Every structure is written in C-alpha cells, then in structure tokens.
Amino acid sequence: MKDIFTAPFVEEMKRTTANMYRLGWDERNGGNISYMLDEKEVAEYLDLNHVIRTIPTGFEAEELIGKIFIVTGTGKYFKNVEGDPETNLGIIRIAEDGTTAELLWGYKDGGRFTSELPAHLMSHMARLSVDPENRVVIHSHPTNTLAMNFVHELDEKKFTHTLWEMCTECIVVFPDGVGILPWMLCGTNSIGEATAEKMKEFRLVIWSLHGIYGAGKNLDETFGLIETVEKAAQIYMLTAHLPRINTIQDKNMVELAEFFGVNYRKDFLNL
Ligand code: 2HA
Ligand code: ZN
C-alpha cells in the first residue's frame, strides 16, 4: 500500500486550499471543497474494506452510491489543511443506502465533512447529469466577487454581462455565465437543492451576499473558473466608481466566442 500522504489528490487539496487561503478568499472556516476520486486510484493508498466510522449525510444521494470523495471538514480552516491534512480533510464513500457516508480516512479528531455537503453532493449529481466528466465542486468567499454583490444588481444576465466586460477572456472561460441565488440560509438541504438546480445550467453559481460555487472536471479547472470571476470582479471594483472611457463591446465578445468556438449565452448579450 502506498503512503496516502503522498497521494496526488491529497497534495492537490493541500495546494488548492493553501492558495485560496493566501488569496484571502477563505477566512476562518470559510469555503469547502469536494473532489470525486477514482476508486482504483484510492485503492492504491487505502483498504477500501476498512470503514473507520459512518456518518449520516441527512439526505438521499442514490446516484452517488459507491462514489468516493475527498472533502474538507466542517469547522476546519483552509489555512490548516497543508499542515495537517488528516485532521482537516476526510475521504468518504457514499454507502449502499445512499444516505450514509463511510469514512475511509481523515477527520482524525472525530470531525465530519463540511456542513455544505448537501449543496456539494447535489451539485455533483446535477453537473454529472450534464457533464459526465465533472469531478469537483468548490465553495469560496472571494473578496471582490462578494464586494460586487453589494453594489451590482443581482441579476444573472446583468451580472454575467458586467463580468464579461471586465476581462477579454471572460466570455471564453465561462461562456455559460454565472447563475445567481438570492440570499438563503446556508448549510441546509434547501440551499443545496437550489444550487443544484442552477448547476444544471451554470458551472458557477453566486450565493448572494455570501460567496460562490464552482464546478469542473478537476481542481485546476474549477479553481480557474472562480479565479477568473474574481479577477473580473476586482477590475469592476477598481473602476466602478470612475468614469468608464473604454469598454469591451458586445460585438467583440461575439468575435471572441466565435473564434474560440465556445457555446455562449447569447441571451446575456445586448445584440
Ligand atoms: O463552511 O463557507 O458556507 C463554511 C462556509 C459555509
Ligand atoms: Zn460559505
């Protein structure tokens, strides 16, 4: 058996959480990540017949039975994952009943997965239904994206359009735009269901006045999606109070989308 502390998926989780912490997006216990792992790869590091303990998830995830995820822990700080992954992360498998998580590794201090697990697992199911390659869901509180929530209309078309205007490559990186949920109580099945519903249409979903969800096929891609939104939001926040002299035009965005061959939300442009 190989050493789990050298597993690429543990290394990647350490790198990603450390990056996000240093970017200031995940203060205290803010943010959470879930990453669906390949069973064969996990079996190189862990005995899959050895369940440390079981933890109820509080909802049914029939489509995910047998699937294995590495997930950040509830109340745990991204800041601390790099130094102590076995306490701050856990590897869970969704049990045969679809409502229990079997702990295979981690949460060493008796902890459990993020309180946002419903939103994560429901988002995984929603993304997998439209993209079988989806593996990662990330929730974060990126500073400028959040700041923009307080000064910009929270309308999917208008918000996406503003972000697309802020960086030339935005429409290419997230041509499907950004979905927006109203402010809702976090940590509940209801916000999970609402997030998943949006995830059928968008890989990025804003939780108004709270943060963002992103989904993608690996950690790099998902991180990159959120990073690009955050960069656009930063340019917006640096310029929103100044006279706008120049702007990327809708016709430029069409040119970009067509040149890069992306399927963009035409109804989010004003053509
Ligand atoms: O887990 O970010 O939304 C901490 C959070 C909850
Ligand atoms: Zn949050």
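Ligands are counted one by one from 1 in listed order, and the atoms in each one are counted from 1 as well. These numbers come from a predicted model, not from an experiment.
Looking at ligand 1, you'll find an N or O of H141 within less than 3.5 Å of one of its N or O atoms. Taking any N or O of G30, backbone or side chain, none lies under 3.5 Å from an N or O belonging to ligand 1. Looking at ligand 1, you'll find an N or O of N32 within less than 3.5 Å of one of its N or O atoms. Between H139 and ligand 1, a contact under 3.5 Å exists for at least one N or O pair.
The shortest contact between atom 3 (O) of ligand 1 and any protein heavy atom is with E116 OE2, 2.8 Å. Nearest to atom 4 (C) of ligand 1 among the protein's heavy atoms is N29 O, 3.0 Å.
Close approach of ligand 1 to G31 (heavy-atom distance below 4.0 Å) involves ligand atoms 1 (O), 2 (O), 4 (C), 5 (C). Ligand-side atoms of ligand 1 in range of H210: 3 (O), range being under 4.0 angstrom from any heavy atom.
Using the six-membered ring where Trp is involved, W164 and F268 have ring planes that are tilted, between 30° and 60° apart. Using cut-offs of 30° and 60° on the angle between ring planes, the pair H210 and W207 is perpendicular.
Summarising the geometry of A101 relative to F113, their closest heavy-atom pair is CB-CE2, 3.7 Å, with the distance given to 0.1 Å. Pairing each heavy atom of K198 with each of E156, the nearest pair is NZ-OE2, 2.7 Å. Here the closest non-hydrogen pair linking H139 and D26 is O-OD1, 4.0 Å.
Salt-bridge annotation for R22 and E82: present, with a side-chain N of the basic residue lying under 4.0 Å from a carboxylate O of the acidic one.
Not a single N, O or S atom of C186, from either the backbone or the side chain, sits less than 2.8 Å from the Zn ion (ligand 2).
A cation-pi arrangement is not found for K157 relative to F159, the charged atom failing to lie both closer than 6.0 Å to the ring centre and inside a 45° cone about the ring normal.
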